[in-house]
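What follows is a single structure, written as structure tokens, with notes after it.
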Amino acid sequence: MARLTINGKSTDLNVDPNTPLLWALREQAGLTGTKYGCGIAQCGACTVHVDGQAVRSCVLPVSGVEGKQVTTIEGLAAGGVLHKVQQAWLEHDVPQCGYCQAGMIMAVAALLRDKPQPTDADIDTTITNICRCGTFQQVREAIHAAARA
Amino acid sequence: MEPCTSDDVVRLNRRAMLQRLGTTGVLVALWPARAWTMSEAVQQAMHQRIGTRTPQPHGMTLRLPPLAETGNSVPLTVAVDSAMTPDDHVLRIHVFVEGNPEPVAATYHLGRRAGKAVISTQMRLARSQTVLALAEMHDGSVRSVTADIVVTLGACVEES
Amino acid sequence: MRTDTPTINRRSFIIGTAAVSGGLALGLRIPLGGEVAHAQDSAPEVTAWVVIRPDDTVVVRIARSEMGQGTLTGLAQMVAEELECDWAKVTTEYPTPGESVKRKRVWGDFSTGGSRGIRTSHDYVRKGGATARTMLIQAAADAWGVPASECKAANSVITHQPSGRTVTYGKVASAAAKLTPPADVVLKDPQDWKLIGKPLKRLDTINKLTGAQVYGADLKLPGMLNATIKDCPVFGGKVKSFETTKVQGMPGVRHVLQVGDSAVAVVADTWWQAKTALDALPVVWDEGPNAMVSSATIAELLQTGLGADQAFVANQNGDVKTAMAGATKQVDAVYAYPFLNHAPMEPMNATARYTAERCEVWTPTQNGEAAFAATMEASGLPADKCEVYKIHIGGGFGRRGAAHDYVTQAVLIAKQIPGTPVKLLWSREEDMTHGRYHPVTQCRLVGAFDASNNLTGLHMRISGQSILSAVRPEALQQGRDPLVFQGLNPSGEFALGYSVPNLLIDHAMRNTHVPPGFWRGVNINQNAIYLECFIDELAHAAGQDALEFRRKLMSKHPKHLAVLNAVAERAGWGTPAPQGVYRGLAQMMSFNSYVAACAEISVIDGNKVKVHRIVGATDPGYAVNPAQIERQIAGSFVYGLSALFMQECTVKDGRIVQENFHTFDSMRIAQMPKVESIIMPSGGFWGGIGEPTICVAAPAVLNAFFNATGRRIRSFPLKHHGIQLV
């Protein structure tokens, strides 16, 4: 049994504590917005926030987040209002297939929390998610737009 | 090659079809509901086997899946409505596959001791097409049936 | 099963109804227990393409598959254009292939590949919209007792012009559905288009931002188990034995199964439990003779084709032998291009439920009918007992179009546990090593010059793998694979853009055991590098500017030339580049579109390449959604440049070596160049968008690299030459 706080709610999950957080979220908690892309923290599709920091959940065991606040893509929009990153993504029509986008959005939301006005260099070093559809041009535009919002 | 469209079965107007076969009127009875271009290869192969007899579309069924992924091995069943008695039996069943390099896929010799006028087999169907089966009856009459199959991998292949 | 959408505060932004209702959320049916959760049950189908609800929502049926390329929105635009409906009320639905077959393929071709989705369906989907509009108008006119000719439709409202009476589509849809469709409809002239050609926002975005979008990997059905699989690591090998007892007691494990003759799967309560157990399962493989194959043996095989006597010819004119013999100068080069994996972000998956009475599959697929055919074949059940539900795709790129191995596997697993739905999701490692690979080839090019530096002859000999030989041998033309020559043909959708007095382009077929498939662009990726880099080599040997050299060969190819000129002009070719910036050009025609690129790069320390900007141009005849086209151009450059710099699938002991993104990398945002798109539709034909531009970024960058460093690279990826993309 593991007690996690996910998107502001305390939840008991019947899960082996060695299970990666990614799979506990997707399977035991039923939150499938966080995606499996590689399982070895290379692609970023599994990015969630742990105490506000962007973390790749595919290599983080559940035991590592007990007592911490976990935020997933499902919890990003607060009270039915889209987060400004989601809003910018919508205005700039960013996603193509969309599979990598939850992780991308979570990584960007964390960046903007740390650096509300990121430079292109900040974006380059912090956002390392893989996107096979290649939405990067729109991602960059939308990050700057969200920063201005 | 032509791109894939929903018109996989080519529709030929009746006049052109009649001209092709050099007959008039007969074909109207043959293929009442369907306009289907029978390729020349299939026509020739058909006439080689049944001579000048005209097949009537009744009394037999052809089961084929409507879609096949690659066409490499497609299950096909032909069944003729016949008691297979001395007075009513099927001599031969022919299957014609126009899209294959050889238009005649198979001929099955039955005869009255066969017991059932059903043949089941796996066939290689090179592309989307119409398959034709004929049954030669003991009294010299010939029956026919057709079925269409779409080979979906064909639809995926871009061809210049 | 997630069908809800999150509540959205409308004050935050303005979006259309279509987005709120989830765009593509519809069409997912979960008919377990017989009930069908189908939103359109009560709404009338005016034509097979158009359903209209009483509240005026328009549901457009889409037969092709959306995989990020924007085809869903583009097709809906075309139907809506002719339908004259309110775009803000448009949503979409995927009819199932089983329904289509029952209705004699009323929705036509489901296949989405070859950049065909819009260009091979535009006329009949537009007719579907026009037919529906005509019937709606007629229904309104009948209700008013007036001639239809006095009525006009716009924005989902029909107006009787003389009297000013109006009625909305939703109110007359039921009556319209009962009318006989007109035999013929006239489509709008392109200059009257109001929706087609506009950069409209996609219909399927909102759920992708909130985690609500369900992908195949996310599907949840009542009573569902999870499975993962290992197929023999050597293609063509088989399972010899496996020790179920070693893992059957592990948490959550329900079944350990052989699947076909070459794979083993574990079925468990959760995917993580299945994967953990499968990783621990001892399996002995009968690897077969292909275990001796390696990249080195494959390269040796390809080399034998470079000078072979026997080859299939695609394009020839004049007499290349004589031209070579009489040449004042010759340029001779050998290039090589590797196997590549598609590596979509979502690994292969399919969910299946089998009973003797019914087999249903839920899967991301680029071809619903092919998935349906695979379901019938694997289950052994007839069409009326099978169904496939298309799920939103997390990246296709060609992997999910032709091969449906994951569907076959899911059905074969489900058959062993009848009645229980099972979701089969491949690990990334399985996906990397069991792909359908971009074919491997080498190419020898020889160019001949006369004394005045005119190009008098060109021989391009491709040696290597044929996709059709493996995937559709019956499409070979007396043994020749026509797809090998994409971009190099004398005419057609993949026509060469150069005239050379003595030309020979031929192919020595050398196949391998590595299964080939259609990787985005298919064969234009290597053909564009081979041709466009070599043309630069020729220009250099002749002491001529790369653009001028090309122009001299293109007077008979005006559309190829137009896109090339467009990128050259925009990039400032011929004017001095900023300090340290070098330019390179490339052009090719494929999938009926003409495209070109000019890349601007800098090279640091001789081996770190910064691509500053790529100007890309496309002439696709008509441009349905320019915003989507821009995204496809830029996105295709990411796919193509990732391959150029970082990607290769090598073979050792018959197996693919690269198992994950750490050895098969992909571009990150830091490396992304600025992409400027020139969309220049010249009208009169329909060309594709998803693929054509992918092939020109790599040769443009390579040509710029030569201009920067004097180094001509002829084998890929560049990381093998110590060259990095920064």
Side-chain angles (χ1 to χ4, degrees), chain A residues 15-16 19-20 22-24 26-28 30-40 42-43 45 72-77 79-83 85-87 89-91 93-102 105 121 123-125 127-140, chain C residues 2 6-9 12-13 15 66-70 201-202 204-215 217-218 220 226 251 270-272 343-347 392-397 425 427-428 627 631 634-639 642 660-662 665-670 672 674-675:
Chain A
V15 67
D16 182 311
T19 305
L22 168 66
W23 293 105
R26 290 178 56 78
E27 308 206 89
Q28 279 80 8
L31 297 167
T32 56
T34 308
K35 303 303 185 204
Y36 167 67
C38 70
I40 58 167
Q42 292 296 297
C43 76
T72 70
I73 185 73
E74 291 92 341
L76 198 63
V81 179
L82 290 187
H83 188 282
V85 174
Q86 292 167 314
Q87 178 68 40
W89 252 236
L90 194 63
E91 276 160 19
D93 225 13
V94 176
Q96 290 182 27
C97 88
Y99 192 83
C100 77
Q101 296 292 315
I105 289 168
I123 294 171
D124 289 351
T125 50
I127 306 302
T128 58
N129 299 51
I130 292 180
C131 171
R132 293 292 285 153
C133 296
T135 61
F136 299 125
Q137 187 133 292
Q138 281 71 40
V139 167
R140 194 183 289 277
Chain C
R2 192 197 295 279
T7 42
I8 311 276
N9 182 341
S12 302
F13 52 83
I15 49 172
E66 174 59 48
M67 44 181 159
Q69 85 283 41
K201 286 236 178 80
R202 299 175 64 115
D204 56 339
T205 296
I206 183 68
N207 286 351
K208 297 171 188 174
L209 311 179
T210 59
Q213 181 65 57
V214 174
Y215 295 85
D218 306 326
K220 284 195 287 252
N226 286 276
T270 71
W271 191 82
W272 183 252
M345 285 309 298
E346 182 192 18
H392 195 83
I393 302 175
F397 310 115
L425 170 65
S427 64
R428 173 60 59 190
R631 285 157 175 74
S636 72
F637 289 170
V638 172
Y639 210 80
S642 294
N660 210 316
F661 289 119
H662 62 303
D665 204 356
S666 191
M667 194 190 287
R668 318 296 167 123
I669 199 170
M672 178 72 188
K674 183 169 185 325
V675 173

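Side chains included, hydrogens not; waters and symmetry mates left out as well; all remaining heavy atoms used. Nothing here was measured: the structure is a model prediction, and the numbers come from that model.
- Aromatic ring pairs are classed by plane angle as parallel below 30°, tilted from 30° to 60° and perpendicular above 60°; the pair C/Tyr215 and C/His392 is perpendicular.
- For A/Thr135, no part lies under 4.5 angstrom from a heavy atom of chain C.
- In terms of heavy-atom pairs under 4.5 angstrom with chain A, the leader among C/Arg631, C/Arg428, C/His662 is C/Arg631.
- Put simply, the side chain of A/Gln86 gets close to the backbone of C/Leu209: a donor and an acceptor are under 3.5 Å apart.
- Here C/Thr270 is the residue among C/Thr205, C/Thr270, C/Val638 with the most heavy-atom pairs under 4.5 Å with chain A.
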After noting the C-alpha distance and the side-chain angles of A/Ile123 and A/Val139, does the key distance pass the side-chain contact (heavy atoms from CB on, under 4.5 Å) rule?
CA-CA 10 Å; A/Ile123 294 171; A/Val139 167; 5.9 Å; no
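- Of the residues considered (A/Ala24, A/Cys43, A/Gly37), A/Gly37 shows the highest number of contacts with chain C, using heavy-atom pairs under 4.5 Å.
- When each of A/Ile127, A/Thr34, A/Val94, A/Ile40 is checked for heavy-atom pairs under 4.5 Å with chain C, A/Ile40 comes out on top.
- Heavy-atom distances place both the backbone and the side chain of C/Met345 under 4.5 Å from chain A.
- Neither the backbone nor the side chain of A/Leu76 comes within less than 4.5 Å of any heavy atom of chain C.
- Using a cut-off of 4.0 Å between Lys/Arg side-chain N and Asp/Glu carboxylate O, C/Arg202 and C/Glu66 are scored as salt-bridged.
- With contacts defined as side-chain heavy-atom distances shorter than 4.5 Å, the pair C/Met667/C/Met672 qualifies.
- Summarising the geometry, atom SG belonging to A/Cys131 is positioned 11.0 Å from atom CZ belonging to C/Arg668; distances are rounded to the nearest 0.5 Å.
- Per-residue counts of heavy-atom pairs under 4.5 Å with chain C were compared for A/Arg140, A/Lys35, A/Glu27; the largest is that of A/Glu27.
- Of the possible donor and acceptor atoms, one in the side chain of C/Asn660 sits under 3.5 Å from a partner among the backbone N and O of A/Cys38.
- Contacts of C/Phe397 with chain A are made by side-chain atoms alone, with heavy-atom separations under 4.5 Å and no backbone atom involved.
- Only the side chain of A/Gln138 comes within contact range of chain C, with heavy atoms under 4.5 Å apart.
- Proximity to chain A (any heavy atom under 4.5 Å) is shown, for C/Ala343, by both the backbone and the side chain.
- Side-chain N or O atoms of C/Lys220 include one that pairs as donor or acceptor with a backbone N or O of A/Gly30 at under 3.5 Å.
- For the pair A/Arg132 and C/Tyr639, the distance from NZ or CZ to the six-membered ring centre is under 6.0 Å and the angle to the ring normal is within 45 degrees.
- Only the backbone of A/Asn129 comes within contact range of chain C, judged by heavy atoms closer than 4.5 Å.
- For A/Ala45, the part lying near chain C is the side chain, with the backbone staying farther off; criterion is any non-hydrogen pair under 4.5 Å.
- For chain A, the nearby parts of C/Ser427 are the backbone and the side chain; heavy atoms of each come within less than 4.5 Å.
- Formation of a donor-acceptor pair under 3.5 Å by the A/Arg26 side chain with backbone atoms of C/Ala217 is found in this model.
- Contacts of C/Ile393 with chain A are made by backbone atoms alone, with heavy-atom separations under 4.5 Å and no side-chain atom involved.
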